[in-house]
J.: 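Below is one structure. I have some questions about it.
Order of the sequence lines sets the chain letters (A, B, ...), proteins ahead of strands, with each chain counted from 1.
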Amino acid sequence: MTQTQSQATAAKPARPAPVRPAPARPVASTAPATAPLDARPFVQRLADLPGLTTGATLIGTLLLWEAAVRLLAIPSYLLPAPSAILSSFTAIGFERWMTHIWSTLRVAILGFALAIVVSVPLAMVMMRSALLSKTLYPLLVIVQSTPVVAIAPIIIVALGAGDLPRVVITTLITFFPLVVSTATGLAATPPELIELSRSLRAPAWREMTQIRLPYAVPYIFSALKISITLAVIGAVVAEFVAAEAGVGFFIQFSTSMFKLPQAWAGLIVLAAMSLTLFQLVVQVQKRVFPWSLPKSEH
Amino acid sequence: MMIQQPPAIRFDRLGQVFRTRSGQTEALRDVSFEVAHHEFLAVLGPSGCGKSTLLRMIAGLLKPTSGQVEVFGMPVTGPRDDIGIVFQKPTLLPWATVEDNVIFPVRHKTGRVSPRERERAQELLAMVGLEGFGTRLPDELSGGMQQRVGIARALHMDPDILLMDEPFSALDALTREVMGFDLLRIFAERPKTVVFITHSVSEAALLADRVLVMSGRPGSVASEHLVPVARPRGPDSMKDPALLDLTADLRDRLMTRAAA
């Protein structure tokens with residue numbers, strides 16, 4: 001069916017019998033195009049602009065911070081002024097920053113990817129077999145409840161220098177929410193669809209790929225959002241233990257040299273990195289799996 | 001039915017006992033009945049009388065504890081290709097378009113979809129009154145329209161037998177009535193053997209050739225009623241005195257059982 005055809009028929013369905021006046025969509029929240037003059041105070045209308053309140057809060061906080069540090073003469077090792085942080089940020093230079101950022105980003109993303117590659121099949125296996133689920137689950141809980149910071153040195157000794165031990169540490173810290181959420185999602189499929197699948201005598205793997213796995217997508221994405229920020233934490237923890245580059249290493253190095261404004265600059269870079277990665281996951285879900293979002297977020 | 005051929009469906013002294021954590025529950029006891037080829041049978045009864053269990057056993061999804069179920073003269077040993085199911089909830093795939101939902105059974109069973117099958121999906125969508133909605137997502141449709149997609153999905157592999165498990169119970173009263181009349185039209189166009197589970201007395205009487213009243217716990221057949229109203233039926237059939245008499249009778253029977 002061509003596009004124009006489908007639009008023409010969609011506009012005037014042959015039998016428009018049971019179309020209820022759909023009240024489901026919260027259309028009301030977006031102001032109507034022919035809105036009368038807004039009678040509310042200017043400040044309130046200003047607050048509606050996207051991002052403006054966030055921006056204002058941020059700028060206000062920074063100004064307050066700067067003023068407090070200057071007026072109260074707070075020493076920079078306690079709390080450096082935003083201006084001091086900014087000047088040490090620019091002093092580092094683009095190339096040095098890129099080296100550190102790339103080092104941390106590489107480990108975080110590789111560890112995150114490895115966690116996905118391990119967790120999703122693991123969740124599928126646990127879903128299919130009650131026995132495996134019973135055996136593996138306690139093991140996973142044990143791994144999860146052991147503080148990764150404590151195992152990190154052991155892993156570094158075992159796996160040597162290079163990215164590998166750091167990637168493994170990152171994976172260890174990220175994979176648990178993924179396994180649990182994916183397994184929950186795979187089991188949350190409507191029983192009717194599983195009966196439909198069984199009544200069609202479809203192969204079990206197709207029940208997994210065509211029904212269960214897509215149904216788990218919203219669950220997987222909730223976990224991915226948690227895991228991606230955990231991945232940055234994992235990479236930093238690994239750098240604290242052993243590294244010669246990376247934003248975490250940079251922060252530790254700066255603190256040991258008592259260059260606190262510089263450490264704060266690293267901290268802000270790290271936060272920005274986390275936020276960007278998180279937004280990346282949010283955008284992937286929005287673009288690739290829009291149906292998996294709650295209706296209000298379309 | 002004078003023709004010498006096995007009935008489409010035959011229940012022979014069937015019993016079903018479920019083992020639960022708190023012991024055993026007898027869901028069905030000594031259920032025997034037949035459904036003729038292209039007959040529309042409505043099964044009426046209180047909730048929890050094992051109506052849905054009957055459907056599962058015809059579909060081969062559940063093995064009876066005693067007795068047996070035959071479909072076209074052969075004992076049911078597992079799921080068969082010539083049976084379609086419409087569930088209480090539409091349970092469409094939220095990520096797939098309406099058309100992809102209709103062809104889902106073929107794609108799920110064989111892994112392939114031919115252009116001919118897409119054409120068939122379009123025809124079926126037109127038949128259930130959803131022409132032009134093929135590219136929409138289920139989310140964009142009302143509950144009644146979603147259930148129409150569910151019916152088109154069940155008809156797509158052209159089954160001989162259609163099992164419908166309270167398909168309209170989640171819809172509002174008006175939509176439900178419209179859907180009933182549409183179902184009459186659909187089955188006039190493409191006769192099928194239908195087993196239709198419902199707890200609406202008027203729905204059962206309007207749609208069915210025969211109504212089976214079940215009693216609850218353990219479920220068994222309490223009475224059987226031919227619907228003495230000629231086809232084609234339509235909104236006027238609702239005023240037919242014979243149909244009104246039958247609905248009153250059915251309602252009385254259900255009431256006394258519910259009160260007992």
J.: Measure across A/Glu195 and B/Phe87 and return the closest heavy-atom pair with its distance rounded to 0.1 Å.
T.: OE1-CE2, 3.8 Å

J.: Do other residues, nucleotides or ligands put more than 12 heavy atoms under 6.0 Å from B/Arg116 CZ?
T.: yes

J.: Taking all atoms of both residues into account, what is the closest heavy-atom pair of A/Ser199 and B/Pro79, and its distance?
T.: O-CB, 3.4 Å

J.: For residues 120-134 of chain A, dump all side-chain donor-acceptor pairs below 3.5 Å to protein atoms at least two apart in sequence or in another chain.
T.:
unit_1	atom_1	unit_2	atom_2	d
A/Ser129	OG	A/Leu131	N	3.4
A/Ser129	OG	A/Leu132	N	2.9

J.: How long is the straight-line distance from CZ of B/Phe104 back to CG of A/Leu200, given to the nearest 0.5 Å?
T.: 7.5 Å

J.: Which pair of non-hydrogen atoms, one from B/Leu93 and one from A/Leu193, has the smallest distance, and what is that distance?
T.: CD2-CD1, 3.7 Å

J.: For the atom pair CD (A/Glu192) and CD (B/Gln88), what is the distance rounded to the nearest 0.5 Å?
T.: 8.0 Å

J.: Looking at B/Lys109, B/His108, B/Arg107, B/Arg80, which one has more heavy-atom pairs under 4.5 Å with chain A than the rest?
T.: B/His108

J.: Chain A: which of B/Val106, B/Thr110, B/Leu92 shares the most heavy-atom pairs with it under 4.5 Å?
T.: B/Thr110

J.: Is A/Arg198 reaching over with its side chain to a backbone N or O of B/Leu61, donor-acceptor style, under 3.5 angstrom?
T.: yes

J.: Counting only heavy atoms closer than 4.5 Å, note whether A/Tyr215 contacts chain B via side chain, backbone, both or neither.
T.: both

J.: A/Pro214 versus chain B, heavy atoms under 4.5 Å apart: side chain, backbone, both or neither?
T.: both

